[in-house]
**Q** 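Have a look at this one before I ask anything.
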Amino acid sequence: MLRPNLPKPPQNPLNQQSFEQNYRDVCNLLLSLTHSRSLPKGLQLHSHVLKSGLQTIPLISHYLINFYSKNQLPLHSRQIFEEASRKSSTTWSSVISSFAQNELPVLAIEYFRRMLGAQLRPDDHIYPSVAKSCAILNRLDVGQSVHCLAVKTGYEFDVFVGSSVVDMYAKCGEIRDARKVFDEIPEKNVVSWSGMIYGYTQLGQDEEALRLFKQAMVENLDVNDFTFSSVIRVCGNSTLFELGRQIHGLCFKTNFDLSSFVGSSLVSLYSKCGVIEGAYRVFDEIPVKNLGMWNAMLIASAQHVHTDNALDLFKQMESAGMKPNFITFLCVLYACSHAGLVEKGQYYFSLMREYGIEPGEQHYATLVDLLGRAGKLQEAVKIIDEMPIEPTESIWGALLTGCRIHGDTELAASVADRVFELGPVSSGLHVLLSNAYAAAQRFEEAAKVRKMLRDRGVKKETGLSWVEEGNKIHTFAAGDRTHMRTKEIYEKLEELGEEMEKAGYVADTSFVLREVNREEKDQTIRYHSERLAVAFGLITFLPDRPIRIMKNLRICGDCHTAIKFMSKCSGRVIIVRDNNRFHRFEDGKCTCGDYW
DNA sequence: AATGCCTGAT
């Protein structure tokens with residue numbers, strides 16, 4: 001053990017021994033109190049330290065800074081640091097890490113600069129804290145110079161330094177730099193791997209994330225619940241059900257399936273893949289449910305229009321003493337909106353304040369969506385005019401969606417006028433606005449807006465539907481004839497078409513005329529991507545297996561009617577997820593109750 | 001003495 005730098009020995013040599021004894025006792029006690037986070041006892045000890053003059057010893061101030069850091073009192077850490085007579089590199093390191101761990105990243109960077117200014121050489125323990133602070137603040141410029149300095153001082157290959165720099169680059173969106181640093185770390189640990197995988201998922205580079213995960217598996221490396229939840233989320237986002245199920249199996253083997261974090265991504269996976277029963281099963285099996293778990297289950301039941309379940313979950317949460325957060329309320333409002341429960345929705349909206357949550361932009365958007373879908377457009381406008389925040393694009397979008405559903409072309413056009421006065425908008429909203437003008441027969445303006453879109457190089461998204469079969473994904477576009485089994489698919493559609501007409505199906509071509517932003521021209525309405533996907537499912541899957549289809553755009557009204565007939569004529573359960581929600585068709589009916 | 005701390009949908 002290093003001999004501490006003691007202050008001048010007391011005058012009376014007899015006291016020397018007791019002083020050293022006292023010093024050692026204080027050190028040990030401080031360490032144990034830091035470990036157990038006993039704040040009152042620590043405060044007591046601190047005043048004892050001051051009385052006996054021990055605070056001048058660097059090791060003691062270092063322990064005190066750590067003690068306050070662990071107790072989430074970074075400003076106490078700061079005070080001790082400032083009062084310390086001699087500041088060793090350990091003292092600097094402690095105070096900077098206290099800032100980094102307690103949400104004061106700006107101070108962490110400021111002190112790091114001060115330290116460099118004092119001509120001190122940072123050690124390997126400081127870099128992770130500073131890199132983390134840059135990541136939180138999204139300060140790529142500072143992060144880069146920190147990385148440079150780490151390279152210069154020879155710490156870039158340290159697993160802690162490297163991992164934190166990987167995370168910093170990933171969070172700042174520089175995934176390639178993150179990867180370069182990652183590849184250079186000679187002895188990576190679970191944090192390095194998870195950080196890199198998580199970085200890819202955050203940027204939507206799902207394939208790269210999965211590839212890296214696979215490599216980690218093949219090389220038999222250490223992974224944990226964080227790693228699993230990242231890759232399961234990838235499977236959920238891309239609706240890779242089979243792969244997700246296999247990874248669920250891996251979690252089961254490693255017992256990570258009981259983790260709440262893994263559980264919530266599993267719930268979301270099963271739900272997004274249209275297997276709501278699986279989501280409920282996972283939820284029930286997780287012994288300790290955290291807030292994310294409840295929220296994941298809530299949104300899953302809301303998406304599948306199990307509205308009673310959703311509202312019941314909310315009640316269960318309350319009685320379990322789980323405090324809902326802003327996401328919980330978004331989920332509940334979403335559930336009400338998609339079931340047309342206006343009053344219930346308004347009730348939950350007002351309940352937020354009782355929980356001390358100020359409604360945010362997204363809550364207002366959902367409320368406007370709720371009112372708009374239910375046809376209460378004037379009330380929706382009133383909410384927008386009276387709310388304490390500036391309307392955002394999603395709020396205008398919600399109102400415009402309501403206008404479209406209820407054919408209020410006049411209101412839609414006036415909203416468009418109002419929005420354009422406010423300045424430039426994103427391309428998504430732009431499309432809605434151009435449709436609003438077209439629907440109100442203001443064709444000149446519609447053309448102008450569309451031209452603006454074209455000039456900005458915005459392309460319409462192609463409507464696609466896809467079905468998973470084993471480990472393969474079959475994708476269809478409208479009128480598509482590229483699939484290997486095209487002939488059989490079209491034959492099946494013809495055959496089904498006759499049965500459907502006998503059962504009373506009449507194609508509604510008005511959807512073609514009314515909807516400007518439709519995916520294809522009218523002659524292909526009978527071969528919209530979702531119908532091709534259904535036909536493929538019918539000729540591929542065993543009769544008792546539900547046909548699950550994913551679609552990137554909103555399902556059109558005529559297809560919705562057609563698939564109802566398809567489910568009746570074929571006796572199959574057909575589940576379609578469009579960009580908005582789930583539809584479960586069975587025996588000629590859809591769970592959305594035609595409200596979507 | 002230190003790095004990841006994830007959940008909603010658009």
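The sequence lines fix the lettering, A, B, ..., with proteins before strands; numbering per chain opens at 1.
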**Q** Take atom CZ of A:F182 and atom C1' of B:dG4, then tell me their distance rounded to the nearest Å.
**A**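 It is 13 Å, rounded to the nearest whole Å.
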**Q** If you look at every strand shown and take non-hydrogen atoms under 4.0 Å, does A:T328 touch a base, only sugar-phosphate, or nothing?
**A**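 A:T328: no heavy atom of the nucleic acid under 4.0 Å.
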**Q** Check A:E208 with A:R211, please: is the shortest side-chain N to carboxylate O separation under 4.0 Å?
**A**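 Counted as a salt bridge, because a side-chain N and a carboxylate O are separated by less than 4.0 Å.
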**Q** Give a yes or no on whether A:Q79 atom CD has more than 12 heavy-atom contacts from other residues, nucleotides or ligands under 6.0 Å away.
**A**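 Counting neighbours around CD of A:Q79, 12 or fewer heavy atoms of other residues, nucleotides or ligands fall under 6.0 Å, so no.
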**Q** Does A:K272 reach a base, just sugar-phosphate, or nothing at all? Heavy atoms under 4.0 Å.
**A**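 Answer is sugar-phosphate: A:K272 comes under 4.0 Å of backbone atoms only.
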**Q** Atom CD1 of A:I126 and atom C1' of B:dA1: how far apart are they, to the nearest Å?
**A**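 Spelled out: CD1 on A:I126 to C1' on B:dA1 is 10 Å.
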**Q** Rounded to whole angstrom units, what separation is found between the OH atom of A:Y364 and the P atom of B:dA9?
**A**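 My rounded result for the distance is 23 Å.
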**Q** Looking only at side-chain N and O atoms, does A:S97 offer a donor or acceptor that is under 3.5 Å from a partner on A:S129?
**A**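 Checked: A:S129/A:S97 side chains show no N/O donor-acceptor pair below 3.5 Å.
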**Q** What does A:N579 touch in the nucleic acid at a heavy-atom separation under 4.0 angstrom: a base, only the sugar-phosphate, or nothing?
**A**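 Sugar-phosphate contact only.
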**Q** Can you check the A:M317 CE to B:dG8 P distance for me, whole Å?
**A**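 Nearest whole value for this atom pair: 14 Å.
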**Q** Determine the contact category for A:L291: base if any of its heavy atoms lies under 4.0 Å from a base atom, sugar-phosphate if only primed atoms, P, OP1 or OP2 are that close, otherwise nothing.
**A**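 Since a base atom lies under 4.0 Å of A:L291, the category is base.
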**Q** Specify the separation, in whole Å, of atom CG of A:N237 and atom C1' of B:dT10.
**A**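 Interatomic distance, CG of A:N237 to C1' of B:dT10: 13 Å.
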**Q** Rounded off to whole Å, could you give me the CZ-to-P distance for the A:R554 and B:dA9 pair?
**A**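 Atom-to-atom, A:R554 to B:dA9, this comes out as 18 Å.
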**Q** Please identify which of these residues, A:Q144, A:H147, A:R179, meets the side-chain hydrogen bond (donor to acceptor under 3.5 Å, both in side chains) condition with A:Y169.
**A**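 One option only clears the test, and that one is A:H147.
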**Q** Within the structure shown, what part of the strands sits under 4.0 Å from A:I299 by heavy-atom distance: base, sugar-phosphate, or nothing?
**A**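 Sugar-phosphate contact only.
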**Q** When the distance from CZ of A:F157 to P of B:dA2 is rounded to whole Å, what number comes out?
**A**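 Distance, rounded to whole Å: 24 Å.
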**Q** Tell me if the centroids of the rings in A:W294 and A:F314 come within less than 6.0 Å of each other.
**A**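 Not under 6.0 Å, so no.
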**Q** Would you please say whether a donor-acceptor pair under 3.5 Å links the side chains of A:Y280 and A:N309?
**A**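 Yes, because at least one side-chain N or O of A:Y280 sits under 3.5 Å from a partner of the opposite role on A:N309.
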**Q** With a cut-off of less than 4.0 Å, is there a side-chain N or O of A:K132 near OP1 or OP2 of B:dA2?
**A**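 No, outside the criterion.
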**Q** Donor-acceptor pairs under 3.5 angstrom involving side-chain atoms of residues 320-336 of chain A: please list them, not counting sequence neighbours.
**A**
{"unit_1": "A:K323", "atom_1": "NZ", "unit_2": "A:Y355", "atom_2": "O", "d": "3.4"}
{"unit_1": "A:N325", "atom_1": "OD1", "unit_2": "A:N295", "atom_2": "ND2", "d": "3.2"}
{"unit_1": "A:N325", "atom_1": "OD1", "unit_2": "A:I327", "atom_2": "N", "d": "3.1"}
{"unit_1": "A:N325", "atom_1": "OD1", "unit_2": "A:T328", "atom_2": "N", "d": "3.1"}
{"unit_1": "A:N325", "atom_1": "OD1", "unit_2": "A:T328", "atom_2": "OG1", "d": "2.8"}
{"unit_1": "A:T328", "atom_1": "OG1", "unit_2": "A:N295", "atom_2": "OD1", "d": "2.8"}
{"unit_1": "A:T328", "atom_1": "OG1", "unit_2": "A:N325", "atom_2": "N", "d": "2.9"}
{"unit_1": "A:T328", "atom_1": "OG1", "unit_2": "A:N325", "atom_2": "O", "d": "3.4"}
{"unit_1": "A:Y334", "atom_1": "OH", "unit_2": "A:N580", "atom_2": "O", "d": "2.9"}

**Q** For the side chain of A:V191, counting heavy atoms from C-beta on, which of B:dA2, B:dG4, B:dA9 is nearest?
**A**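 Among B:dA2, B:dG4, B:dA9, the one nearest the side chain of A:V191 is B:dG4.
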**Q** For B:dG4, does OP1 or OP2 lie under 4.0 Å from any side-chain N or O of A:K171?
**A**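 Answer is no, no contact under 4.0 Å.
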**Q** Between the base of B:dC6 and the ring of A:F261 - centre-to-centre under 5.5 Å, planes within under 30° - is that a stack?
**A**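 Here the ring of A:F261 and the base of B:dC6 are stacked, with centres under 5.5 Å and planes under 30°.
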**Q** Look at the side chain of A:D158 and decide which nucleotide, out of B:dG8, B:dC6, B:dA2, has an atom nearest to it.
**A**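 Looking only at heavy atoms from C-beta outward on A:D158, the closest nucleotide is B:dA2.
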**Q** What contact category does A:D123 fall into here, base, sugar-phosphate, or nothing, at under 4.0 angstrom with non-hydrogen atoms?
**A**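 Base, at least one base heavy atom under 4.0 Å.
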**Q** If the condition is ring-ring contact (aromatic ring centres under 6.0 Å, His included), which residues does A:F228 pass it with, not counting sequence neighbours?
**A**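 With sequence neighbours excluded, A:F228 shows a ring-ring contact (aromatic ring centres under 6.0 Å, His included) to A:F213, A:F256, given in chain and number order.
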**Q** Counting only distance, no hydrogens or angles, is the base of B:dT3 paired donor-acceptor with the side chain of A:S163 under 3.5 Å?
**A**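 Such a pair is found, so the answer is yes.
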**Q** Would you indicate which nucleotide in B:dA9, B:dC6, B:dT3 comes nearest to any side-chain atom of A:N189?
**A**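 Minimum distance to the A:N189 side chain belongs to B:dT3.
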**Q** When the distance from CD of A:Q362 to P of B:dG8 is rounded to whole Å, what number comes out?
**A**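 That distance rounds to 12 Å.
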**Q** Once you apply a heavy-atom cut-off of 4.0 Å, does A:S394 come out as touching a base, just sugar-phosphate, or nothing?
**A**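 Here A:S394 touches no strand at all.
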**Q** Mind running a 4.0 Å heavy-atom check of residues 226-235 of chain A against DNA chain B and sending the residues that fall below it, in number order?
**A**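 Within residues 226-235 of chain A, the residues near DNA chain B are A:F226, A:S229, A:R233.
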